[in-house]
Trainee: 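Sharing a structure below in structure tokens format, with a few things to ask.
Within every chain, numbering begins at 1; the chains are lettered A, B, ... in the order of the sequence lines, protein sequences first and strands thereafter. Note that the coordinates shown come from a computational prediction; the quantities given were computed from them, not determined experimentally.
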Protein chains: 2
Amino acid sequence: MISRVESAAATRRSLLDAAAALLGEGGPEAVTLREVGSRAGVSRGAPYRHFDDKDHLLTAVATEAWDALADEAVALSADPARPAHDKLRAMLSGLLAIGRERPHLYRLMHRPPAAEEMLRAAARSQVPFLAVLGDLVGPDRAHHYGALLLTSVHGILGMEASGQLTREKWRTDADEILETLLGALPAD
Amino acid sequence: MISRVESAAATRRSLLDAAAALLGEGGPEAVTLREVGSRAGVSRGAPYRHFDDKDHLLTAVATEAWDALADEAVALSADPARPAHDKLRAMLSGLLAIGRERPHLYRLMHRPPAAEEMLRAAARSQVPFLAVLGDLVGPDRAHHYGALLLTSVHGILGMEASGQLTREKWRTDADEILETLLGALPAD
DNA sequence: CGTTAAAGTTGACGTTGTCATCTGAAAGGT
DNA sequence: ACCTTTCAGATGACAACGTCAACTTTAACG
């Protein structure tokens with residue numbers, strides 16, 4: 001038997017899934033509360049029982065995505081078998097994958113002004129990221145190089161998405177740029 | 001006496017200015033065709049005499065911003081007195097200034113999917129940029145390092161804007177990251 | 001001077017986010 | 001067992017928005 005709170009939680013989950021699906025299919029303008037409700041099997045007003053407004057719903061979607069990414073990073077960093085440089089590449093690839101395969105979600109995750117709740121989820125992945133980087137360049141340099149790598153990946157994805165980073169225009173691509181940066185990491 | 005085409009051109013200019021002003025004041029959601037028309041002294045339907053739709057108006061605003069940036073870059077690169085590394089810093093600072101002082105405009109200039117017209121304007125600044133960079137690292141490496149620098153600046157601005165690049169979190173900031181990259185430029 | 005083309009206005013329509021109000025049923029106390 | 005509370009959900013309504021069609025006005029031109 002399903003209790004009332006269980007049913008409400010299921011609706012909330014359906015709303016989040018529907019919003020994420022619509023975002024992936026048709027971009028931000030395809031995410032209307034009416035369609036979200038419809039896909040979740042409820043009416044247009046139902047989302048207001050679970051989220052303050054549309055913005056909070058989207059923030060929740062972005063927060064879940066950051067949480068999933070943080071979980072991946074934690075799992076990666078805990079693996080004792082993989083070499084550190086391999087873990088680092090895997091983490092950066094995880095970000096690149098979201099940016100390329102789910103660009104609308106990626107943009108949502110970086111939309112200003114960022115909600116405090118979402119920033120906390122995004123910050124969770126920093127710990128494992130810095131741990132792996134600390135193994136490579138030493139704990140002192142980890143912060144600085146971590147920021148450099150993350151901003152670079154973010155910039156690469158942004159300019160790729162807006163069509164300003166093309167191979168024909170720059171005679172290079174994201175992978176080459178990243179290799180240059182990774183190759184320049186001080187070996188400690 | 002003002003001719004009809006002059007008046008029409010003036011209206012078009014007012015519409016662009018109004019849209020840019022509204023964007024700067026209240027962000028994208030403040031830019032409504034009704035308010036744009038109102039500020040330009042015309043009605044809500046008038047913009048359709050000058051732009052296909054709202055999207056084309058915004059594209060025109062972004063295109064003008066790219067053009068202005070390209071003009072600055074061209075002027076900079078033509079200055080024989082300034083040293084090359086100084087010109088490079090000035091060009092990157094121009095981008096940083098827009099990103100920080102007019103974040104909504106900056107985001108508009110990088111909004112996907114980018115219009116072909118806007119991409120052409122954005123590409124105009126590539127020539128002077130590569131020229132300056134060629135003086136520093138040689139023409140062969142200019143493309144590669146140019147892409148690296150531009151994506152880095154773009155990434156820095158994006159993560160700054162979304163609150164994910166803070167000094168407390170990464171013990172560093174945009175200037176330090178850029179100095180690291182500029183310091184790593186091969187002196188040819 | 002009549003014709004034409006284009007700038008601008010206005011009414012209307014569909015869509016959207018949001019709120020107020022109403023309904024129904026599960027939860028919990030007596 | 002009954003009554004009360006609470007909350008998920010449905011629905012009607014409203015304002016704002018982008019957009020289109022129809023209309024008006026006026027400069028330009030043969």
Trainee: Rounded to the nearest Å, what distance is computed from the CZ atom of residue A:R12 to the P atom of nucleotide D:dG9?
Mentor: 12 Å
Trainee: Take the protein atom CG of A:L22 and the nucleotide atom C1' of C:dG17, then report the distance between them rounded to whole Å.
Mentor: 16 Å
Trainee: Using a strict 4.0 Å threshold on nitrogen-to-oxygen distance, state whether A:R39 and A:E35 make a salt bridge.
Mentor: yes
Trainee: From CG of B:D53 over to C1' of D:dT19, roughly how many Å is that when rounded to an integer?
Mentor: 9 Å
Trainee: At under 4.0 Å between heavy atoms, which parts of nucleotides 8-13 of chain C does protein reach? Answer with one letter per nucleotide, 5' to 3': B base, S sugar-phosphate only, - none.
Mentor: BBBBB-
Trainee: Whole angstrom is fine here: how far is it from CG in B:D52 over to P in C:dA7?
Mentor: 13 Å
Trainee: So does B:Y48 get a side-chain nitrogen or oxygen closer than 4.0 Å to the phosphate oxygens (OP1/OP2) of D:dC20?
Mentor: no
Trainee: Examine A:L178 and A:V137 and state if one hydrophobic cluster contains both, with Ile, Leu, Val, Met, Phe, Trp and Tyr joined whenever side-chain heavy atoms are less than 4.5 Å apart.
Mentor: yes
Trainee: What is the distance, to the nearest angstrom, from the CG atom on A:L33 to the P atom on C:dT16?
Mentor: 10 Å
Trainee: Side chains of A:T172 and B:H143: any donor to acceptor distance under 3.5 Å?
Mentor: no
Trainee: Round to the nearest Å and state the distance from B:K54 atom NZ to D:dT19 atom P.
Mentor: 8 Å
Trainee: I'd like to know if B:D140 and A:R171 make a salt bridge, using a cut-off of under 4.0 Å between side-chain N and carboxylate O.
Mentor: no
Trainee: Between A:H144 and B:T180, do the side chains contain an N or O donor and an N or O acceptor separated by less than 3.5 Å?
Mentor: yes
Trainee: Pick base, sugar-phosphate or nothing for B:V36, based on heavy-atom distances below 4.0 Å to the nucleic acid.
Mentor: nothing
Trainee: Taking the side chain from B:K87 and the backbone from B:D79, do they hold a donor-acceptor pair closer than 3.5 Å?
Mentor: yes
Trainee: Roughly how many Å is it from CG in A:D55 to C1' in C:dT18, rounded to a whole number?
Mentor: 13 Å
